[in-house]
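In what follows, a structure is listed as structure tokens, so that the remarks can point back to it.
Computed from a predicted model, the values in this text were never measured in an experiment. The figures here come from the full heavy-atom set of this structure, side chains too, leaving out hydrogens, waters and symmetry mates. Note on naming: letters A, B, ... go to the chains in the order of the sequence lines (proteins, then strands), and numbering restarts at 1 for each one.
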Amino acid sequence: MKDKNMGINIEFVEKIFENRRRIPEEFTEIALELRRDIIKSLTLAKSGHSGGPLGIADVMSVLFFGGYMRYKPKEPDWAGRDRFVLSAGHMAPVLYSSLARAGFFPIDELATLRKYGSRLQGHPGLEVNLPGIETASGSLGQGVSIAVGMAMSDKLIDKTDRKIFCISGDGEMQEGASWEAAMAAANFKLDNLCWIVDNNDCQIDGRVKDVMNIYPLDKKFESFNFDVINIDGHDFNQIISGLDQFTKAHKAGTGKPTCIIAKTFMGRGVSFMNNQFGWHGIPPNELQAEQALDELR
Amino acid sequence: MEKITLLGQKPTRHGFGHGLVELGEKYDNVVVLGGDITGSVMTSFFKDRFPDRFFSIGIAEQNATTIAAGMALSGKIAFFSSYSAFAAFRNSDQLRISVCYNEANVKIGGGHSGITVGPDGATHQSLEEVSLLRALPNMTLVVPCDYQEAKKATIALGEMDGPAYIRFGRSAVPMFTTENTPFEIGKAQILREGADVAIVAAGLLVWQALLAAEQLEKKHGISARVINNSSIKPIDVETLTKAAMDCGGIVTAEEHQVYGGLGAAVAEVVVKNYPVPMEFVGVKDTFGCSGEPDDLLVKFGLSWKEIYASALKIIERREKKFIGFRKLTDIAAYSEDM
């Protein structure tokens, strides 16, 4: 089907993924589909962030479709669900794709990203009632703190075994509020909190270490009393192992929050975007989209 | 109308603290977050009564606000209280996105508000938060006039769904409403009837408005309607419009900057529905300074005298049928002439 506006072949294939443990080959297929969705929706949106969503797609595939998170797509408010907070709200396209592929809303809706009247806002919001969204995010440093509040509510007040997953950016660690959240997570012994840092070392102005050095990240989180796990965010075995460790720690009740530092490459999967910070906040044009979709087969 | 008498002096923050305990007794999903100054903003009452539902977040107002939002998104009625200087400004981004945009059931208790914090000085004298808070979509904002109203407002805010802020002070202020005085979010109360001029006040200036009305009556035979406008957002359009129609002029009085506060909120209603001359009693675009509360109220022109002078000014303007552009400094000069 030729899209008149775009002049390129954009079609969201109806394909729903199950939420259960899989083998790395299956995650490869899921991650490819998420990346294709990201390119397609951003191309149609004509604005938005390409690099971050592509870089974290492998982690999202395992998190959403590896059986680590409990959820019911047709009952998004199910009380027994685990919760996911995308603190780096600008990476919304990968969250929208994951939710659609999990069956929370129709896959075709991905074509409405960032458009007037859409439930797929530029950064996630609750006002539009998109199933699966737990909080607004986009002002960096707030989502992590929201996740801490949710984890406190579950563990300390309701005393449930729910888990809270949260993804922040690495540039986001320059926000002082992020460290306030880290301080509280350890203070309240939130072993039900899994904080994943998308460590692509890119932000709008350049390399994170050049704009404002935040390293060593692992030592900082360790000194904040986190269990820290360093992984290659594109190696499915390592992603699986990291999430397994968190699950084990949660079951054992270690009394320590987990931080998974996922070393990733911004724009991963598309050769001309890979590790290029210039792709932080722009969408591909039609020609670039065609080439990207070619590579993502 | 209830006869108004002075029943004693008590800080509004005690009303907040006692209201919280009552809410805690009634609802087991009420939680309170502390920011290190629990004994000052009286969340200590709740902490002592319900230690399992109280969480100390430390000196981290941004974090406390977002944690409150996270708890609210998990079904809790989450209160956080600190000084207004930090509970409205330090965390304003968090209030905007995590609380208001999320429509989270978070209630902020802004304590030690206004000039009457006294000796602590300008850094701690928050005089701008009404302007900031009422611009936030989904926010409810109440500025109670005395102990009883602060208590009733705290309970009412806990029982409504959505973001809310209650602004209260440090020093003991006159108590003149009772358990039977009605309080409803979105409703202003007429405390004294009158038809020559209306005085619309909030917080501790409500008592000063009553004193001014008494003097106007005694010295000039002017009958002033006194309205307690504690609910700044949502605002009582009906009562304010009726005051403009009946009285033909309005004086507003608040312990806050005249820019963007109660006066501005009332003016928005009046200008749209029934324009009449208005005068604004409040802090005139300056920071505060150290001093005893009573001295500061005089220095910054926040007493019955300025309200009284402004009411006379309204009547003078109306008689001359003159509604023109005037500077705030003119009002100050007029007050000094007295």
Counting neighbours of [atom1] on [X] that are heavy atoms of other residues, nucleotides or ligands and sit closer than 6.0 Å, is the number greater than 12?
{"X": "A:Glu75", "atom1": "CD", "value": "yes"}
{"X": "A:Lys256", "atom1": "NZ", "value": "yes"}
{"X": "A:Tyr215", "atom1": "OH", "value": "yes"}
{"X": "A:Lys248", "atom1": "NZ", "value": "no"}
{"X": "A:Met212", "atom1": "CE", "value": "no"}

- Message: Checking B:Ile57 against A:Phe188 for the side chain to side chain contact (heavy atoms under 4.5 Å, CB included) test, could you report, in this order, the C-alpha distance in whole Å, the side-chain angles of both residues, the deciding distance, and whether it holds?
- Response: CA-CA 10 Å; B:Ile57 307 298; A:Phe188 290 109; 3.9 Å; yes
Looking only at heavy atoms, what is the nearest atom pair of [X] and [Y], with distance?
{"X": "A:Ala136", "Y": "B:Asn102", "value": "N-OD1, 2.8 Å"}
{"X": "A:Glu180", "Y": "B:Glu61", "value": "OE1-N, 4.5 Å"}
{"X": "B:Asn63", "Y": "A:Ala184", "value": "ND2-CB, 3.5 Å"}

Report yes if the side chains of [X] and [Y] come closer than 4.5 Å at any heavy-atom pair, otherwise no.
{"X": "A:Leu156", "Y": "B:Arg53", "value": "no"}
{"X": "A:Ile157", "Y": "B:Phe55", "value": "yes"}
{"X": "B:Leu73", "Y": "A:Arg83", "value": "yes"}

- Query: If you count heavy-atom pairs under 4.5 Å between each of B:Asp52, B:Leu33, B:Thr66 and chain A, which one has the most?
  - Reply: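 Top count of heavy-atom pairs under 4.5 Å with chain A: B:Thr66.
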- Item | Residue-level contacts of residues 74-99 of chain B with chain A, using a heavy-atom cutoff under 4.5 Å |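 The list, in residue order, reads B:Ser74, B:Lys76, B:Asp93, B:Gln94, B:Ile97, B:Ser98.
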- Options A:Ala79, A:Ala177, A:Ser139, A:Gly138, ranked by heavy-atom pairs under 4.5 Å with chain B, top entry: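 When all of A:Ala79, A:Ala177, A:Ser139, A:Gly138 are compared, A:Ser139 has the most.
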- Query: Out of A:Asp158, A:Asn187, A:Val85, which one racks up the most heavy-atom pairs below 4.5 Å with chain B?
  - Reply: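 Top option by heavy-atom pairs under 4.5 Å: A:Asp158.
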- Between CD1 of B:Ile67 and OG of A:Ser153, what distance do you get to the nearest 0.5 Å?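 Answer rounded to 0.5 Å: 11.5 Å.
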- Query: What residues of residues 142-151 of chain A sit under 4.5 Å from chain B when you count only heavy atoms?
  - Reply: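 Residues in range: A:Gln142, A:Ser145, A:Ile146, A:Val148, A:Gly149, A:Met150.
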